[in-house]
Structures are given as C-alpha cells and as structure tokens.
Chemist: 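Got a structure for you, questions after.
Note that the numbering runs from 1 along the sequence shown for the chain.
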Amino acid sequence: MAHIVVVGAGIGGMPAAYELRAKLGSGHRVTLVNATDYFQFVPSNPWVAVGWRKREDVIVHVRPHLERKGIDFVVQRVTALEPENNRLLLADGSMLDYDYLVLTTGPRLAFEEVPGAGPDGGYTQSICTVDHAERTLVAYEKFLADPGAVVIGAMPGASCFGPAYEFAFIVDADLRRRKIRNKVPITFVTSEPYIGHLGLGGVGDSKSMLESEFRNRDIKWITNARTTRVEAGKLFTTELDGMGNPLREHELAFRFSMMLPAFKGVDAVAAVEGLGNPRGFVLIDEHQRSKKYRNIFSAGVCVAIPPVETTPVPTGAPKTGYMIETMVSAIVENIVADIEGRAATAKATWNAICLADMGDTGAAFVALPQIPPRNVNWFKKGKWVHMAKIAFEKYFLHKMKTGSTEPVYEKYVLKALGILRLEND
C-alpha cells in the first residue's frame with residue numbers, strides 16, 4: 001500500500017486529494033496536510049475586502065468532506081521536509097512519512113522585499129488570503145468614514161496581477177454605489193511594463209481594453225513602477241523607461257492602499273537543497289515531478305515557471321486556475337502510473353483562463369497556451385463575465401464539499417471557445 005501525502009488544501013491541493021482517492025481506490029492511503037482546517041476560495045477575496053462577501057461565504061471546513069471520501073486530514077503547518085527519509089516534520093513536533101509527496105503549498109508572501117509593505121507592521125493591505133481580506137475590510141470601512149486618495153497595484157516581482165485589477169474596479173464600483181467616488185482619486189501602480197500585461201505579455205486586446213476601462217472610471221496609472229518603500233500614508237515608487245532607466249520619481253499620498261506582493265516559495269520547501277530555485281519555487285520536469293526527488297510532485301503557485309519575457313521591473317508569470325487543474329490531473333495520472341510500474345506520460349496543458357470581476361461587469365481572457373506564441377489569444381468584456389464568476393464561485397465551493405473530480409476550468413474554456421467560434425462564424 002502506497003501513502004500519498006498532499007501538502008496544501010487550496011485550489012490545487014483539494015482537487016489533488018479527491019482525484020487521488022478516486023483513481024487509487026481504497027488500496028492506498030491519501031493524506032492531506034494543511035495549516036488551517038478550511039479551504040478558502042481565494043478568487044473571492046476582493047469581494048470580502050469590500051464587504052460584498054463574508055468569510056463564511058468563501059470558506060469550507062473540509063474535514064467532514066475529506067473523511068467521507070476516505071482521505072486523512074492533518075491540520076498542522078509543515079516546518080521541514082526530509083526527502084532523503086521520505087518524511088515531513090510538523091509544527092507540533094510530529095512526523096509524517098510518505099511514499100509520494102504532492103506539494104501544492106501556494107506561495108510565501110514576500111512583503112519584506114519592500115519596506116513598509118503588507119498588513120503586518122506595514123501600511124498596505126492585502127487580499128491574498130481570507131484573513132488579509134477581512135483585515136482589509138476593516139481598513140476600508142475606516143477609510144470610508146474619511147475618504148481620500150487610494151493606491152492599488154502590484155509590487156516589483158509580483159506575478160498575480162489579475163486580483164489587483166479586480167480590486168481597483170471593485171473599489172471604484174463600490175464607491176460609486178455609495179456616491180462618494182468623487183471624493184476618491186485612485187491610482188494603479190504596477191510593475192508591469194504596460195496596463196494589461198498581466199505577467200503574460202498581454203492577452204489579445206487586454207492593453208487597450210483595460211486602459212479604456214481605467215480612463216472611463218477616472219483611474220490613473222503608473223507602469224514600470226519599482227516601488228521602493230511605503231510609509232504611513234505615502235508610497236514611493238520609481239517609474240522606469242523601457243530600457244530600465246529611472247524616468248521619474250513618484251511620492252503618492254494615500255488614505256487607503258492595497259498592493260499585491262511578490263511571491264516566494266514557502267520556507268520548508270526553500271530550505272531543501274535542489275528542490276527549488278533561488279526563490280524557493282519547486283523545480284519540476286514536464287510530468288510535474290521534482291527534478292531531484294523522483295517521488296515528489298508539485299502543482300500550482302509553488303511551481304517554478306520562468307517569466308514570459310524580460311521586463312524593466314521584474315514580473316513573474318501567473319499560475320492560473322486552469323493551468324493548476326491540468327497540473328493536478330497530470331500528477332495524479334503519473335503517480336498512478338508509477339505505482340503500477342508504468343512510465344510517467346501525463347503532462348499539463350498550461351493553458352490559461354481568467355474571469356475578472358469589475359463590479360457590475362467583468363473581463364475574461366483565454367490564452368492557449370499561457371506562454372506565447374498562442375493558438376488562442378482572446379480577451380472579452382461584458383456583464384456575462386460578472387455573472388459567470390459568481391456562478392463559478394458557487395460551483396467550485398460545491399465541488400470542494402462534494403469531492404467532485406469534474407474538470408471545472410476545462411468546462412469554462414470550452415464554453416469560452418464556443419462563444420469565440422460563434423463570434424467568428
């Protein structure tokens with residue numbers, strides 16, 4: 001009997017545990033390890049941060065759902081990996097042995113790379129976790145009582161830009177509903193070389209479409225922004241030119257700010273020599289397997305993927321939900337193959353689909369594959385995207401409760417491509 005341990009109960013880890021259980025049957029043991037006893041639907045955090053959702057709307061306490069499927073659940077933080085011994089060390093001092101290890105840990109949030117950034121001892125808010133989103137809501141409600149300038153965006157080295165755009169548009173929509181938008185100048189500050197780059201080199205007409213949305217909503221922007229520090233009520237950033245030379249300095253006053261940080265690999269993974277790259281992201285081959293440790297697999301944000309292109313201010317490539325879904329499926333197929341004595345053959349497609357909410361409308365993009373050149377390069381806006389994201393949220397939370405192994409993102413891609421074909425006919 002093989003024991004497969006999955007670390008991380010996020011958008012990658014929960015489906016991985018369910019798929020492993022479904023494919024392996026009762027003859028093998030599956031254990032999920034997570035620092036908290038709940039799954040959080042991270043894409044809903046921008047809504048939580050302005051009070052459009054409550055915490056209980058976007059989390060699932062997973063133990064009963066996992067146990068019903070015959071999956072063991074350990075609520076502990078992993079403090080160290082001992083891959084030579086096939087063992088994990090946990091925060092309570094206990095150890096957990098494995099035959100196969102699946103790392104879906106998500107990132108470590110590297111707020112420390114910009115002095116004064118982050119909600120813990122810093123001056124900017126975050127929507128990277130549901131806890132951060134709740135704290136952002138507290139700061140936002142305080143801001144509403146005495147509104148002023150807002151700064152939203154992404155720090156140097158960031159790789160997940162979509163939520164920053166979402167939050168800027170959602171804050172704009174919320175302020176308009178409250179009829180105080182006229183009191184709030186909003187500036188979007190991003191390390192991207194242009195609006196709509198998204199860490200992907202742009203997708204379709206994303207540049208002109210998002211610039212147009214910013215103009216229509218009176219949102220100013222600064223690109224190629226190398227943010228250097230944050231003080232109480234002030235953000236300092238150097239705007240670079242296309243060659244990476246300083247173009248102008250900006251000192252932006254704010255009453256409220258949300259800036260997404262750069263990501264790094266979690267400490268326990270980063271500490272293992274040969275497992276990750278210098279930033280702690282797991283180095284994998286085409287089958288999602290560690291290049292050094294052949295019984296360790298990895299999927300999601302914690303995987304090392306090179307930037308799409310070199311930019312004046314460093315930007316990373318995002319790991320979108322569809323990409324993660326196909327990574328997980330490949331891992332499951334390859335672990336099953338290894339147990340059965342077959343060679344690993346499954347590969348992730350690394351395609352991208354994103355539904356970005358904009359308050360009362362939304363934007364969707366499909367990039368097949370995610371890294372250009374692409375077979376499909378599609379970016380569209382409409383109220384249907386707003387409704388689609390709400391439906392997607394409800395369905396994914398339902399999937400986490402029922403243990404369904406249906407490929408959610410693939411369904412949405414096929415629907416999007418169907419829309420595209422109709423438009424082209």
Side-chain angles (χ1 to χ4, degrees), residues 46 151-173 186-227 237-245 247-248 250 259-260 305-320 322-323 351-359 361-386 389 416-417 419-420 423-424:
V151 173
I152 295 170
M155 296 293 192
S159 57
C160 189
F161 296 96
Y165 283 97
E166 281 193 293
F167 193 63
F169 289 128
I170 288 169
V171 167
D172 168 81
I186 299 177
T187 304
F188 191 81
V189 178
T190 179
S191 52
E192 299 162 276
Y194 53 83
I195 292 300
H197 181 275
L198 301 169
L200 294 169
V203 179
D205 201 24
S206 57
K207 181 178 186 294
S208 60
M209 187 177 292
L210 288 173
E211 282 184 352
S212 177
E213 284 298 317
F214 274 179
R215 290 189 187 98
N216 290 339
R217 296 167 185 256
D218 298 314
I219 298 174
K220 308 300 182 185
W221 67 80
I222 301 171
T223 55
N224 278 330
R226 186 175 63 198
T227 300
T237 193
T238 302
E239 182 182 356
L240 305 185
D241 64 18
M243 300 299 293
N245 301 310
L247 184 63
R248 59 181 62 89
H250 298 271
M259 294 290 291
L260 297 178
I305 297 179
V308 169
E309 60 187 359
T310 300
T311 53
V313 182
T315 57
K319 290 90 168 183
T320 58
Y322 187 26
M323 176 189 284
N351 295 326
I353 180 171
C354 181
L355 302 173
D357 185 54
M358 300 166 73
T361 184
F365 72 74
V366 178
L368 309 177
Q370 176 165 299
I371 299 173
R374 302 179 176 116
N375 295 316
V376 176
N377 206 30
W378 183 74
F379 192 97
K380 294 291 181 182
K381 170 180 168 287
K383 291 184 181 294
W384 66 271
V385 183
H386 172 72
K389 178 148 186 181
L417 292 178
I419 294 169
L420 180 60
E423 290 178 345
N424 291 336

Chemist: How long is the straight-line distance from CG of L198 back to OG of S159, given to the nearest 0.5 Å?
Modeler: 12.0 Å

Chemist: Using the test salt bridge (Lys or Arg N to Asp or Glu O under 4.0 Å), find all partners of E239 that sit at least two apart in sequence or belong to another chain.
Modeler: R248

Chemist: Supply the atom-to-atom distance I219 CD1 to T187 OG1, rounded to the nearest 0.5 angstrom.
Modeler: 9.5 Å

Chemist: Got a donor-acceptor contact below 3.5 angstrom from the T361 side chain to the M358 backbone?
Modeler: no

Chemist: Minimum heavy-atom separation for G362 and V385, please, with both atom names.
Modeler: C-CB, 3.6 Å

Chemist: Give the minimum heavy-atom separation between F379 and V203, together with the two atoms involved.
Modeler: CB-O, 3.3 Å

Chemist: Could you list the residues that satisfy salt bridge (Lys or Arg N to Asp or Glu O under 4.0 Å) with E211, not counting sequence neighbours?
Modeler: K207, R215

Chemist: Look up atom CG in N377 and atom CG in D205, then write down how far apart they are to the nearest 0.5 Å.
Modeler: 10.0 Å

Chemist: Could I get the full list of side-chain contact (heavy atoms from CB on, under 4.5 Å) partners for A317, not counting sequence neighbours?
Modeler: I305, V308

Chemist: Under the rule for side-chain contact (heavy atoms from CB on, under 4.5 Å), what residues qualify as partners of T223, not counting sequence neighbours?
Modeler: T190, I195, W221

Chemist: Answer yes or no: is there a donor N or O on one side and an acceptor on the other, between the side chain of Y165 and the main chain of G196, under 3.5 Å?
Modeler: yes

Chemist: For R217, is there an ion pair with D172 - N to carboxylate O distance below 4.0 angstrom?
Modeler: yes

Chemist: Say whether, by atom type as modelled, one donor and one acceptor occur between the side chain of E166 and the main chain of D357 under 3.5 angstrom.
Modeler: yes

Chemist: So do P318 and L200 actually touch side chain to side chain, heavy atoms under 4.5 Å?
Modeler: yes

Chemist: Working to the nearest 0.5 Å, report the span between OG of S206 and NZ of K381.
Modeler: 14.5 Å

Chemist: Hey, is the main chain of N224 close enough, under 3.5 Å, to the side chain of S191 for a donor-acceptor pair?
Modeler: no

Chemist: Nearest 0.5 Å please: distance from the OG1 atom of T237 over to the NE2 atom of H250.
Modeler: 7.0 Å

Chemist: Grab the two heavy atoms, one from I152 and one from A168, that are nearest each other, plus how far apart they are.
Modeler: CD1-CA, 3.7 Å

Chemist: With F188 as reference, evaluate F167, F161, F214 under the ring pair (Phe, Tyr, Trp, His ring centres under 6.0 Å) test and give the passing residue.
Modeler: F214

Chemist: Could you tell me whether the side chain of M259 reaches within less than 4.5 Å of the side chain of V189, counting heavy atoms only?
Modeler: yes

Chemist: For P369, which residues count as a side-chain contact (heavy atoms from CB on, under 4.5 Å) partner, sequence neighbours excluded?
Modeler: N351, R374, N375

Chemist: In chain order, what residues pass the side-chain contact (heavy atoms from CB on, under 4.5 Å) check against H197, with sequence neighbours excluded?
Modeler: E192, P193, Y194, E309, T311, T315

